[in-house]
Amino acid sequence: MAFVLGDIRELVTNAPTRPDLLGVVSDAAVVVQGGNVEWVGPEEDLPARFRGLRKVDAGGRAVLPGFVDAHTHCVFAGDRADEFARRLRGESYEEILAAGGGIMSTVAATRGATGMELFNAATARLDRMLQGGTTTVEIKSGYGLDIATERRTLEVIRALDERHPVDTVPTFLGAHVVPPEFRDDRDGYVELIEVGMLPVCAPLARYCDVFCDDGAFTVDEARRVLEAGRRYGLKPRLHVEQLGHSGGAALAAEVGAVSADHLDHVTEEEAIRLRDAGTIAVLLPAVALSMRTPQPPGRMLWDLGVPVAIATDCNPGTSYTESMSLVVALAALEMGLTPEEAIWSATRGGALALELPDRGWVVPGAPADLVVLDAPSSVHIPYRPGTNLVGAVLKRGAFVVDRLNLQR
Ligand code: NIG
Ligand code: FE
């Protein structure tokens, strides 16, 4: 069913043909047909052939592309509220992890959960994402760390993609940490990933990720896992330079990773290498909030010409939030991006980080994944933090959230 979404005060298109970063069209209309964007422009220029279509009135609000959340771990069981409280009382994340808590407590809970339990818990999270304007999300495995649970997690990610309006992009993160049963045999665990996990997990995944950091995997181990992933058709992406400076960013550039994520401790020289390798920086400002650490150097990366995406990192340990609006607010208020850069990074940047070039913008031919903000411009997102201003969400042209009752 075709219709015109009109009376849009500010339309963020992210079209690179326009002079400003966000490709803003004022007093705009969008024609939606067959789930895709058919036409975009100032409403007064709406071609005659569309004038008879049903009109949905955005009421002078802003419209932007749906958020593309390019880094999450949102399939897991249990929570870690107790550890969160302990961290606020002074214990460190690394201490809790080294003592067998942290990621390992979520691994224990996830191993003990059925596929249905994992599916139901993740569905609730995807529901919150959708209410917050996210229309595409990347999800990593990595709380199984054994063949059966890694596989089960990826099956849940696929089931979510089939049954939930939010599209999911699956990433295999068998190399999240070394599980306790391999504490004295790290090599044995890397080998299990290579010969045991990848053959059964790779068919359900698009990317292979490694947590390459202090207390997780070394650069050499990470390289080995990524090479094995490639043999199974999975492109590399990497968690790097989060807890310390361990050389992971240089590895990301060396292997031509699609993205290098976290990057709290990245240097300028490494940033230049990432840029030259065509690697996208996925920054996670809500992790710095929850971990009470300094923000990653978003300004430096942007100024050096590294394409930047921002994402929630939704996980029970370092960032339990589904809110891309919060991430945009933090990127602008705390990480040094302008409001426009933050909005771009949460939409077009996320799409590029997931190699989905038809997402994250509003141009003819793109899927009509749109957010109607209950505000006249997108700057209201960082300007009014902590409030969900998302009034309506269209996924492939269908209203999947309509708090404003726009469809009437
Ligand atoms: O992205 N850095 C590694 N993994 C997650 C944290 C996982 C957890 O604490 O459960 C992250 O921050
Ligand atoms: Fe992560």
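Both ligands and their constituent atoms are indexed starting at 1 by order of listing. In this text the structure is predicted, and so the values were computed from the model without any measurement. Position 1 is the first residue of the sequence; numbering continues from there.
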Considering the heavy atoms of H239, write down every atom of ligand 1 situated less than 4.0 Å from one of them.
-> 1 (O), 2 (N), 3 (C)
of all protein heavy atoms, closest to atom 2 (N) of ligand 1 is Q242 OE1, 2.7 Å
Compute the minimum heavy-atom distance from Y143 to ligand 1 and say whether it is under 4.0 Å.
-> yes
One finds that the ligand 1 atoms under 4.0 Å from a non-hydrogen atom of H71 are 1 (O)
Tell me, please: is N315 in heavy-atom contact with ligand 1, that is, under 4.0 Å?
-> yes
Minimum-distance pair of heavy atoms, taken over all atoms of L389 and H380 = CD1-O, 3.5 Å
Contacting atoms of ligand 1, where contact means under 4.0 angstrom from a heavy atom of H262 | 1 (O), 2 (N), 11 (C), 12 (O)
Should D213 and Q242 be marked as a side chain to side chain donor-acceptor pair (under 3.5 Å) after you check the CA-CA gap, both sets of side-chain angles, and the distance that decides it?
-> CA-CA 7 Å; D213 217 317; Q242 176 190 4; over 6 Å; no
Looking at ligand 1, does I103 have a heavy atom less than 4.0 Å from it?
-> yes
Could you tell me the residue and atom name of the protein heavy atom closest to atom 4 (N) of ligand 1, and the distance to it rounded to 0.1 Å?
-> H176 NE2, 2.8 Å
Name the orientation class of the two ring planes belonging to F76 and Y320 (parallel below 30°, tilted from 30 to 60°, perpendicular beyond 60°).
-> perpendicular
Mutual orientation of the aromatic rings belonging to H239 and H176 [parallel < 30°, tilted 30-60°, perpendicular > 60°] | tilted
Note: D369-K395 ion pair, threshold 4.0 Å (strictly below) | yes
Just need the protein heavy atom nearest to atom 12 (O) of ligand 1, so name the residue and atom and give the distance.
-> T318 OG1, 2.7 Å
May I ask you to determine how many protein N/O/S atoms are under 2.8 Å from the Fe ion (ligand 2)?
-> 4
Heavy atoms of L243 and Y93 approach each other most closely as CD2-CD2, 4.1 Å
Grab the two heavy atoms, one from P285 and one from A311, that are nearest each other, plus how far apart they are.
-> CD-O, 4.1 Å
Among non-hydrogen protein atoms, atom 1 (O) of ligand 1 lies closest to D313 OD2, 2.7 Å
Of all protein heavy atoms, the one nearest atom 6 (C) of ligand 1 is Y93 OH, 3.5 Å
Once the angle between the rings of H262 and H71 is folded into 0 to 90°, is it parallel (under 30°), tilted (30 to 60°) or perpendicular (over 60°)?
-> perpendicular
If only atom types and distance count, is the side chain of E241 paired as donor or acceptor with the main-chain N or O of A249 below 3.5 Å?
-> yes
L289 and Q295: which non-hydrogen atoms are nearest, and at how many Å?
-> N-NE2, 4.3 Å
N/O donor-acceptor pair under 3.5 Å between D358 side chain and A366 backbone = no
